Protein chains: 2
Amino acid sequence: MYRNLHLTPQRKSVYDIVSQSADHPTAADVMERLRQAGHKLAYATVYNSLRYLTDAGVIQELRMGSGAARYDARLEAHQHVVCTQCGRVDEIFEIMPAGYAEAITNETGYRVDHVDVVAKGLCPDCAKSSRH
Amino acid sequence: MYRNLHLTPQRKSVYDIVSQSADHPTAADVMERLRQAGHKLAYATVYNSLRYLTDAGVIQELRMGSGAARYDARLEAHQHVVCTQCGRVDEIFEIMPAGYAEAITNETGYRVDHVDVVAKGLCPDCAKSSRH
DNA sequence: GTGAAAGATGGATTCATTCTAAATACAAAC
DNA sequence: GTTTGTATTTAGAATGAATCCATCTTTCAC
């Protein structure tokens, strides 16, 4: 995949699951899908692999609200929306208005290097079924 | 404080701690400050109170990255910056460019009702000491 | 006052994650 | 090709945050 990436068989199988899943799986989801695919890794190995891949920059860790961290193999800059009803997570590619990060730097004095956006609301399905 | 707010002595003491703390305390911080102030509440009571106050809309719960939730008594619309080195959290009052939430709605089909922004970077102090 | 409902308490429990110590694999040095 | 060392995996124990539970207390309506 990338140079300097030490992909053991376990790490590769974890990477494969994450990159083939469109729904931002949690560590537990990854475990389960590995098991379904006939692999059996220790819990610690899944966590270690997810961290390794995150540090290596080939996947991203998403933390949105409470609950388990989720993982995403899409690397393009993007943000996320979470459904407050069913928990579904989707990508947002609409880019943040330029200048906002700089405005934050000016206001706070922080050296901002990254801005995470998490939108919350109802996904199309839940919005439809809640419209009574 | 507000109408329809059932402030028991315990809830009031939790509210007082949160509103007098500028550093976005965690539940454990609140516990400790209560103890220092001479109150002793059960852990569950602190959590219940924080949730009650959050639901009542008089404080906000902040979840940024891993670790414990933090609480904030400032109610004006605002966002947060976290220092990736020391964990300090500050407020951002610079408002999000209008139209961004709507752009998200258009792109994703979600009925977006709220957008959380968490900026990450180095706080002024850490930035200074890391400049070698 | 009596009883129902809401709230508080301490301890046990759950869930996500990390740690630990032992077992394996793998690569470089001889 | 055996030895030595370093990185990785493993199972299970341990941790930290938060919630649950069963019991006791308070509050309020009547």
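Labels below follow one simple rule: chain letters A, B, ... track the order of the sequence lines, proteins then strands, and each chain is numbered from 1. If you're wondering where the values come from, they're calculated on a predicted model, not measured in any experiment.
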Would you be so kind as to tabulate the donor-acceptor pairs closer than 3.5 Å made by side chains of residues 51-61 of chain A, with sequence neighbours excluded?
| unit_1 | atom_1 | unit_2 | atom_2 | d |
| --- | --- | --- | --- | --- |
| A:Y52 | OH | A:H6 | N | 2.7 |
| A:T54 | OG1 | A:L50 | O | 2.7 |
| A:E61 | OE2 | A:Y71 | OH | 3.0 |

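- The distance from atom CG of A:L34 to atom P of D:dT10 is 10 Å, rounded to the nearest whole Å.
- Put simply, the side chain of B:V115 does not reach to within 4.5 Å of the side chain of A:V118, judged on heavy atoms.
- Protein atom NE2 of A:H6 is 15 Å distant from nucleotide atom P of D:dT6, rounded to whole Å.
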Would you give a per-nucleotide map of nucleotides 13-22 of chain D, 5' to 3', where B means the base has a protein non-hydrogen atom under 4.0 Å away, S means only the sugar-phosphate does, and - means neither? ----SBBB--
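- Rounded to an integer number of Å, the gap from NZ of B:K40 to P of C:dG11 is 12 Å.
- Between A:D72 and A:R70 there is no salt bridge, since none of the side-chain N atoms of the basic residue sits less than 4.0 Å from a carboxylate O of the acidic one.
- With hydrogens and angles disregarded, no donor-acceptor distance shorter than 3.5 Å links the side chain of A:T45 to the backbone of A:L41.
- Between A:T8 and D:dT8 there is no side-chain polar atom (N or O) within less than 4.0 angstrom of OP1 or OP2.
- Between the OH atom of A:Y15 and the P atom of D:dT8 there is a distance of 19 Å, given to the nearest Å.
- The side chain of A:L41 has D:dT10 as its nearest neighbour among D:dT9, C:dA8, D:dT10.
- In this structure, the side chains of B:V89 and B:D23 stay at 4.5 Å or more apart for every pair of heavy atoms.
- Atom-to-atom, CG of B:L7 to P of C:dA8 comes out at 10 Å; the value is rounded to the nearest Å.
- Remark: P of C:dA8 and CE of B:M31 are 13 Å apart, rounded to the nearest angstrom.
- Taking only side-chain nitrogens and oxygens, B:Q10 comes nearer than 4.0 Å to OP1 or OP2 of C:dT9.
- Salt bridge B:K120/A:D113: absent, no basic N to carboxylate O contact under 4.0 Å.
- Rounded to whole Å, the distance from CZ on B:R11 to P on D:dT27 is 13 Å.
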